[in-house]
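Data first, discussion second: the structure below is written as structure tokens.
Source: prediction; values computed, not measured. Order of listing sets the numbers, starting from 1, for every ligand and every atom in it. Here, residue 1 is the first one in the sequence, and each next residue gets the next number.
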Amino acid sequence: MADLDGAKEAKSFYTDIPQKTEGFFLKGSDSLDWGMKNRLSRIFNPESGRTVMLAVDHGYFQGPTTGLERIDINILPLVKYADTLMLTRGILRSIVPASTTKSIVLRVTGGTSILKELSNEEIAVDIEDSIRLNVCAMAVQVFIGGEYEKQSITNMTRMIDIGTRYGIPTLAVTAVGKDMARDARYFRLATRICAELGAHYIKSYYIEDGFDTVTACCPVPIVIAGGKKISESDALKMAYNAIQQGAGGVDMGRNIFQSECPAAMIQAVRAVVHHNEKPEKAFDLYKTLKNQQ
Ligand code: 5RP
């Protein structure tokens with residue numbers, strides 16, 4: 001008969017304490033629906049507001065990339081250090097144990113190879129499969145300035161529309177053609193177009209000059225790709241600079257899985273991304289962990 005007990009009632013309803021309405025921690029994402037926010041919170045750590053995405057989807061257009069020949073042997077041991085795994089459904093179903101609790105960002109465009117024009121992509125995964133696979137976001141390649149620019153933008157807007165129906169965010173992956181300038185002007189253009197058209201977060205590249213202007217004028221989070229393999233200390237410097245200039249994390253592949261010691265490298269990257277570790281200290285951490293292997 002607790003409901004009839006007047007004295008208890010005032011206490012259990014906390015009538016003197018207004019219910020808290022918390023804002024969402026992620027840039028530009030507060031007005032999204034609950035499911036979207038929950039999925040984004042499994043990609044971006046709510047404590048640091050950032051993410052370490054381990055990107056291993058390269059095979060979708062270039063086959064068995066160096067370091068990804070045996071994902072079961074080389075990549076699975078790294079998964080525990082990542083916040084999110086970015087990959088294709090083929091690798092997910094054939095190699096990644098379904099018991100994993102890591103969030104998954106699924107590559108959903110494709111249809112071209114390194115032997116042909118890369119921008120000529122289509123949507124390559126049905127939304128139903130993304131739902132079946134319980135993914136936290138869908139990754140779509142966008143080729144601003146590329147030959148099939150419009151087609152790739154339409155792939156993105158289509159996935160944003162369909163994903164919104166089911167509460168699944170879309171990651172726009174800006175791809176830069178070989179003959180295009182990789183400068184702040186280009187990345188401001190590419191990332192802003194993706195954000196204006198509704199992408200929930202965007203992958204870009206770090207650039208030495210003006211990266212802070214790219215993050216400043218993009219209304220949603222930007223994560224950086226690592227790009228071609230560089231030295232471990234340079235990759236850590238790049239990650240540090242990107243984070244300090246407003247990046248929401250990294251979506252890093254080759255600079256982790258092609259490292260001399262991938263397990264040490266991903267942990268050093270984590271220190272930079274989640275704990276603002278200075279690159280020199282993170283490199284020391286890398287060396288220490290490498291020596292322990
Ligand atoms: C391939 C991709 C990769 O996921 C992306 O390039 C990140 O990997 P890397 O750090 O090796 O550049 O989107 O198209």
Expected rows: ligand 1 N/O, protein N/O, dist below 3.5 Å:
{"unit_1": "ligand 1", "atom_1": "4 (O)", "unit_2": "Asp57", "atom_2": "OD1", "d": "2.5"}
{"unit_1": "ligand 1", "atom_1": "4 (O)", "unit_2": "Lys203", "atom_2": "NZ", "d": "3.2"}
{"unit_1": "ligand 1", "atom_1": "6 (O)", "unit_2": "Lys203", "atom_2": "NZ", "d": "3.4"}
{"unit_1": "ligand 1", "atom_1": "8 (O)", "unit_2": "His58", "atom_2": "NE2", "d": "3.1"}
{"unit_1": "ligand 1", "atom_1": "10 (O)", "unit_2": "Gly226", "atom_2": "N", "d": "2.8"}
{"unit_1": "ligand 1", "atom_1": "10 (O)", "unit_2": "Gly227", "atom_2": "N", "d": "3.3"}
{"unit_1": "ligand 1", "atom_1": "10 (O)", "unit_2": "Gly253", "atom_2": "N", "d": "2.8"}
{"unit_1": "ligand 1", "atom_1": "11 (O)", "unit_2": "His58", "atom_2": "NE2", "d": "2.8"}
{"unit_1": "ligand 1", "atom_1": "11 (O)", "unit_2": "Arg254", "atom_2": "N", "d": "2.9"}
{"unit_1": "ligand 1", "atom_1": "11 (O)", "unit_2": "Arg254", "atom_2": "NE", "d": "2.7"}
{"unit_1": "ligand 1", "atom_1": "12 (O)", "unit_2": "Gly227", "atom_2": "N", "d": "2.9"}
{"unit_1": "ligand 1", "atom_1": "12 (O)", "unit_2": "Arg254", "atom_2": "NH2", "d": "2.9"}
{"unit_1": "ligand 1", "atom_1": "13 (O)", "unit_2": "Arg107", "atom_2": "NH2", "d": "3.1"}
{"unit_1": "ligand 1", "atom_1": "13 (O)", "unit_2": "Lys203", "atom_2": "NZ", "d": "2.7"}
{"unit_1": "ligand 1", "atom_1": "14 (O)", "unit_2": "Gln141", "atom_2": "NE2", "d": "3.2"}

Qualifying ring-ring contact (aromatic ring centres under 6.0 Å, His included) pairs, either residue in residues 61-95, two or more places apart = none
Cluster membership besides Val223, Ile/Leu/Val/Met/Phe/Trp/Tyr side chains within less than 4.5 angstrom, sorted by chain and number, is Phe24, Phe25, Leu26, Leu32, Met36, Leu40, Ile43, Phe44, Met53, Met86, Val105, Leu171, Val173, Tyr201
Residues 138-146 side chain polar contacts: donor-acceptor under 3.5 Å, at least two apart:
{"unit_1": "Gln141", "atom_1": "OE1", "unit_2": "Arg107", "atom_2": "NH1", "d": "2.6"}
{"unit_1": "Gln141", "atom_1": "OE1", "unit_2": "Arg107", "atom_2": "NH2", "d": "2.7"}

Lys/Arg-Asp/Glu bridge criterion (N-O < 4.0 Å) met for Glu147, Lys150 |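 The answer is no: the pair does not qualify as a salt bridge.
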With the threshold set at 4.0 Å, does a side-chain nitrogen-carboxylate oxygen contact exist between Arg89 and Asp57?
-> no
Can you check whether Ser48 reaches Asn276 side chain to side chain, under 4.5 Å on heavy atoms?
-> no
